[in-house]
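Notes follow the structure.
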Amino acid sequence: MGAEAVKTLLIVYHSMTGGTRRMVEAAAEGAAGESGVLTRVLGAAEAGPEDVLGADGYIFATPENLAAMSGMMKDFFDRCYYPALGRINGRAYASLICAGSDGENAARQVARIATGWRLKPVAAPLIICTHAQTPEAILAAKTIAQADLEKCRELGAALAAGLALGIY
Ligand SMILES: Cc1cc2nc3c(=O)[nH]c(=O)nc-3n(C[C@H](O)[C@H](O)[C@H](O)COP(=O)(O)O)c2cc1C
C-alpha cells in the first residue's frame, strides 16, 4: 500500500481591516492539525482558476462591504467561475464572513456562486460581526474574539478532517 494521497484545501480571502484575515489564520491553524491535507491560503488577487481546479475543498472568506462580498472576492469569482464550471462538481466548501452587524447578504452571494459550481456546503456560513458602527471604527484594524476564532479553527479542522477521511 502506498502513502495516502495528500488532499488540498484552498482558502481564498480578502480583508481590508484584518478581521477576515484573522478568521482565515484561525481556520488554517485548525486545518493544519490534519496531516493528510495541504492547506493553501491565497489572497483573492493572487488566486486563479488553476488554484481552484487543483484543490479538493475550499474555504471562501470575505468581509461584507455595502451589503455584498468585497469587490476583490467578486473579482476572484468573476475570473474563476467559467474556467472551473463543470470541473469541480461535488467538492466541499465552507464560507467565512466578517461583517459589522449583518453579513447575510455576502453569505448568500457566496452560497449562490458555490451552488452554480455544484459545490457541497459542509457547514452553514460562519458570520462573525465586529460591531463597528462609526466610520472611524469601521476603518480601524479589527480584532476577533478568541471564542469566534475558535469557531473558525473548528471549521477548518472539520473540513480538513472530512477531506482527509474521504468523506467529502
Ligand atoms: C465600505 C464598507 C462597507 C461596509 N458595509 C457593511 C455592510 O453592508 N454590512 C455589514 O455588516 N458590515 C459592513 N461593513 C463593515 C465590515 O464588514 C467590517 O468592518 C468587517 O470587520 C470588515 O472585515 P475586514 O476587517 O476583513 O476588512 C462595511 C465596511 C466597509 C469598509
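Atoms within each ligand, like the ligands themselves, are counted from 1 in listed order.
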**Complete:** side chain to side chain donor-acceptor pair (under 3.5 Å) pairs touching residues 29-41, sequence neighbours excluded, are Glu29-Arg153, Arg40-Asp51

Please tabulate, for the side chains in residues 137-147, all donor-acceptor contacts under 3.5 angstrom to protein atoms that are two or more places apart in sequence or on a different chain.
| from | atom 1 | to | atom 2 | distance (Å) |
| --- | --- | --- | --- | --- |
| Lys142 | NZ | Thr17 | OG1 | 3.3 |
| Lys142 | NZ | Ala137 | O | 3.1 |
| Lys142 | NZ | Ile138 | O | 2.7 |
| Lys142 | NZ | Ala140 | O | 2.7 |

**Request:** Could you pull out the closest heavy-atom pair between Ile11 and Val24, with the gap in Å?
**Result:** CG2-CG1, 3.7 Å

**Contact residues of ligand 1, where a non-hydrogen atom lies under 4.0 Å away** = Ser15, Met16, Thr17, Gly18, Gly19, Thr20, Pro63, Glu64, Asn65, Leu66, Ala67, Cys98, Ala99, Gly100, Ser101, Asp102, Gly103, Thr130, Ile138, Lys142

**Fill in**
Across all chains, not counting sequence neighbours, the salt bridge (Lys or Arg N to Asp or Glu O under 4.0 Å) partners of Arg79 are Asp75

**Request:** Kindly compute the distance separating CZ (Phe77) from OH (Tyr82), expressed to the nearest 0.5 Å.
**Result:** 14.0 Å

**Message:** Salt bridge check, Arg22 against Glu25: does any charged N sit closer than 4.0 Å to a carboxylate O?
**Reply:** yes

